[in-house]
Amino acid sequence: MRIAKVTERISYIGVNDRRTALFENNWPIPYGVSYNSYIIKDQKNVLIDTVEYGSDGEFLDKIEACTGGGNLDYLVVNHMEPDHSGMIKSVLAKYPAMKVIGNAKTWELMQKYYGIPQENFMQVSDGEELNIGSSTLRFVFVPWVHWPETMVTLDAADGVLFSCDAFGGYGSLDGGIFDSDYNMEEVFLPEMRRYYSNIVAKYNQMVTRAIAKLAGVPVKMIAPSHGVVWKEAPEKVIALYSEWAASKAEEGVVIAYASMYGNTANLADQIGAKLSELGIRNIRTHDVSRSNVSYILSDIMRYKGFILGTCAYNTFMHPMMEHLCNELRIMGPKGKVMGIFGTSGWNGAGAKALAKFAEEARLNVVAPAVEAFGAPTSEKIGQSLDQFAEAFCKALKAE
């Protein structure tokens with residue numbers, strides 16, 4: 001059994017998942033993911049969130065080991081998504097007198113998923129506190145980060161904030177459990193950014209509100225339900241979330257294209273070369289049929305500008321570009337410089353479809369589209385390419 005000490009009173013009893021290929025059956029997790037759960041041993045023993053059902057055959061044994069075979073008095077449910085709530089019924093079956101703590105929205109969702117008895121549920125209000133012996137737990141509601149019932153829990157004695165999905169990231173815990181156990185720049189920070197862009201970015205405004213709400217909370221450590229426990233530098237992950245929620249971005253451009261026979265790919269490379277000539281650095285080019293949308297979204301969130309290009313496909317855009325556009329509608333990127341390009345055989349269908357998407361998504365296309373009918377030769381697109389690149393660079397540097 002993997003049990004690790006967070007503090008003298010608090011133990012980590014999470015599990016690594018390296019079998020699942022797609023998180024939420026959608027996002028690639030090549031480095032795996034951890035489902036983090038914690039036990040507070042006090043006069044009252046408290047379990048903070050559970051793990052995904054079936055991910056850990058020793059989960060109940062870990063609880064028993066941490067409590068010394070004693071009672072489990074409370075289970076705090078910060079978030080009802082099944083990768084954190086999946087073991088609620090199993091834990092309750094072993095500890096039938098246990099109280100499950102959540103808010104009114106938690107209760108609504110819990111009935112839809114698990115149907116636990118009313119007498120086992122303890123409803124708390126925003127800011128409410130619960131004495132568990134040598135410490136007090138404070139429950140702070142942070143709705144829509146990223147479900148309506150989401151809350152975080154602070155253990156006052158040790159200053160540990162149990163934040164569930166907030167401040168988490170993809171990646172299994174292959175050694176220790178703390179940020180100080182890893183070179184964070186190598187895997188965890190890029191995977192955190194990707195996690196944020198995939199899961200949380202739609203709710204930037206709610207993240208900003210939550211961080212402001214937590215400003216007065218005395219946090220010494222942040223213990224999320226995915227990824228490392230932030231012991232050495234909890235302020236770093238708060239600063240990162242603040243920057244991401246405020247749509248702060250690095251200098252650079254993402255070019256994402258869909259191409260069937262190479263013409264749109266050719267045009268994407270010409271645009272990248274022209275931007276480089278004009279002094280733009282950090283150009284990331286993705287073929288949407290090869291790069292999973294998860295990584296493209298992460299790069300779009302990271303950099304100031306993005307340019308989408310597609311071939312025409314059945315008088316519309318290519319299906320894989322349509323998939324990216326759908327995810328961008330959900331993500332709702334703010335403060336970006338956007339451009340469009342496309343190729344087609346006769347009517348400019350791909351570029352027209354991208355322009356319509358940008359209008360519907362309320363994205364500001366700052367330069368005219370570059371279009372080629374057939375092969376994008378310099379004779380056909382040389383002048384329009386120069387105009388596009390210059391206009392795009394001017395807008396990018398103005399941001």
Are [X] and [Y] close enough that some pair of their side-chain heavy atoms sits under 4.5 Å apart?
{"X": "V77", "Y": "I101", "value": "no"}
{"X": "D155", "Y": "I40", "value": "yes"}
{"X": "Q111", "Y": "I116", "value": "yes"}
{"X": "M221", "Y": "P234", "value": "no"}
{"X": "F341", "Y": "L354", "value": "no"}
{"X": "Q118", "Y": "W107", "value": "yes"}
{"X": "V6", "Y": "I177", "value": "yes"}
{"X": "M184", "Y": "D179", "value": "yes"}

Mutual orientation of the aromatic rings belonging to [X] and [Y] [parallel < 30°, tilted 30-60°, perpendicular > 60°]:
{"X": "Y170", "Y": "Y195", "result": "perpendicular"}
{"X": "H84", "Y": "H79", "result": "tilted"}
{"X": "Y241", "Y": "W244", "result": "tilted"}

Closer than 4.0 angstrom, basic N to acidic O: yes or no for [X] and [Y]?
{"X": "E185", "Y": "K236", "answer": "yes"}
{"X": "E277", "Y": "K274", "answer": "yes"}
{"X": "D56", "Y": "R2", "answer": "no"}

Taking [X] for its side chain and [Y] for its backbone only, find out whether a donor-acceptor pair lies under 3.5 Å.
{"X": "N71", "Y": "D73", "value": "no"}
{"X": "N16", "Y": "S34", "value": "no"}
{"X": "R18", "Y": "P30", "value": "no"}
{"X": "E191", "Y": "Y31", "value": "no"}
{"X": "Q270", "Y": "P376", "value": "yes"}
{"X": "D181", "Y": "F178", "value": "yes"}
{"X": "T264", "Y": "S259", "value": "no"}
{"X": "S85", "Y": "M80", "value": "yes"}
{"X": "Y182", "Y": "G175", "value": "yes"}
{"X": "S242", "Y": "I238", "value": "yes"}

Please table the atom pairs, donor to acceptor, closer than 3.5 Å between any side-chain atom in residues 247-254 and protein atoms at least two apart or in another chain.
{"from": "E250", "atom 1": "OE1", "to": "R302", "atom 2": "NE", "distance (Å)": "3.3"}
{"from": "E250", "atom 1": "OE2", "to": "R302", "atom 2": "NE", "distance (Å)": "3.0"}

**OP:** Identify, with sequence neighbours excluded, every residue that meets side chain to side chain donor-acceptor pair (under 3.5 Å) alongside N204.
**Re:** Y196

Original post:
Does NZ or CZ of R194 lie under 6.0 Å from the centre of the six-membered ring of Y295, at an angle within 45° of the ring axis?
Top reply: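 The answer is yes; both the distance and angle limits are met.
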
**OP:** Please report the C-alpha distance between E24 and I199 in whole Å, then the side-chain angles of each, then the deciding distance to 0.1 Å, and finally whether the side-chain contact (heavy atoms from CB on, under 4.5 Å) criterion is met.
**Re:** CA-CA 10 Å; E24 296 182 343; I199 309 296; 3.4 Å; yes

Could you report the tightest heavy-atom contact between [X] and [Y], atom names first, then the distance?
{"X": "S90", "Y": "Y53", "result": "OG-CE1, 3.7 Å"}
{"X": "L328", "Y": "P333", "result": "O-CD, 3.4 Å"}
{"X": "G176", "Y": "L173", "result": "O-CB, 3.8 Å"}
{"X": "D49", "Y": "L75", "result": "N-CD1, 3.9 Å"}
{"X": "L92", "Y": "P117", "result": "CD2-CD, 4.1 Å"}
{"X": "L267", "Y": "T343", "result": "CD2-CG2, 4.1 Å"}

Which atom pairs, one a donor and one an acceptor, fall under 3.5 Å between side chains of residues 157-164 and the rest of the protein, sequence neighbours left out?
{"from": "D158", "atom 1": "OD2", "to": "T7", "atom 2": "OG1", "distance (Å)": "2.6"}
{"from": "D158", "atom 1": "OD2", "to": "R9", "atom 2": "NH1", "distance (Å)": "2.9"}
{"from": "S163", "atom 1": "OG", "to": "A166", "atom 2": "O", "distance (Å)": "2.8"}

Subject >> Hydrophobic cluster (4.5 angstrom, side-chain heavy atoms) - remaining members for F373 >> reply: none

Look at the side-chain heavy atoms of Ile, Leu, Val, Met, Phe, Trp and Tyr, link any pair under 4.5 Å apart, and say whether [X] and [Y] land in one connected group.
{"X": "V145", "Y": "M192", "result": "yes"}
{"X": "L130", "Y": "V217", "result": "yes"}
{"X": "I29", "Y": "V293", "result": "yes"}

For [X] and [Y], does a side-chain donor sit closer than 3.5 Å to a side-chain acceptor?
{"X": "D17", "Y": "S55", "value": "no"}
{"X": "N198", "Y": "S294", "value": "yes"}
{"X": "Q387", "Y": "S384", "value": "no"}
{"X": "N282", "Y": "Y303", "value": "no"}

Original post:
Any side chain to side chain donor-acceptor pair (under 3.5 Å) pairs touching residues 92-102, not counting sequence neighbours?
Top reply: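 Checked against side chain to side chain donor-acceptor pair (under 3.5 Å) - neighbours excluded - the pairs reaching residues 92-102 are E64-K94.
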
Original post:
For W27 and L22, what are the C-alpha separation, side-chain angles and deciding distance, and is it a side-chain contact (heavy atoms from CB on, under 4.5 Å)?
Top reply: CA-CA 5 Å; W27 313 107; L22 297 174; 6.0 Å; no

Subject >> Identified side-chain contact (heavy atoms from CB on, under 4.5 Å) counterpart of V337 within the set I307, V366, L363 >> reply: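 Filter result, single survivor: V366.
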
**OP:** Take T150 and F141 through the side-chain contact (heavy atoms from CB on, under 4.5 Å) test and state the conclusion after the steps.
**Re:** CA-CA 6 Å; T150 309; F141 294 4; over 6 Å; no

Original post:
Can you tell me how far the NZ atom of K336 sits from the CE atom of M331, to the nearest 0.5 Å?
Top reply: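 Those atoms lie 6.5 Å apart.
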
Subject >> T136 side, atom OG1; L154 side, atom CG - distance, nearest 0.5 Å >> reply: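 Reported value, rounded in 0.5 Å steps: 9.5 Å.
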
Original post:
What's the verdict on salt bridge (charged side-chain N to carboxylate O under 4.0 Å, His left out) for D299 and R193, showing C-alpha distance, side-chain angles and the deciding distance?
Top reply: CA-CA 9 Å; D299 277 348; R193 182 188 293 110; over 6 Å; no

Got a list of side-chain donor-acceptor pairs under 3.5 Å for residues 315-326, not counting sequence neighbours?
{"from": "H318", "atom 1": "ND1", "to": "M320", "atom 2": "N", "distance (Å)": "3.1"}

Subject >> Worked check of ring-ring contact (aromatic ring centres under 6.0 Å, His included) between F167 and H226 >> reply: CA-CA 8 Å; F167 309 120; H226 298 298; over 10 Å; no

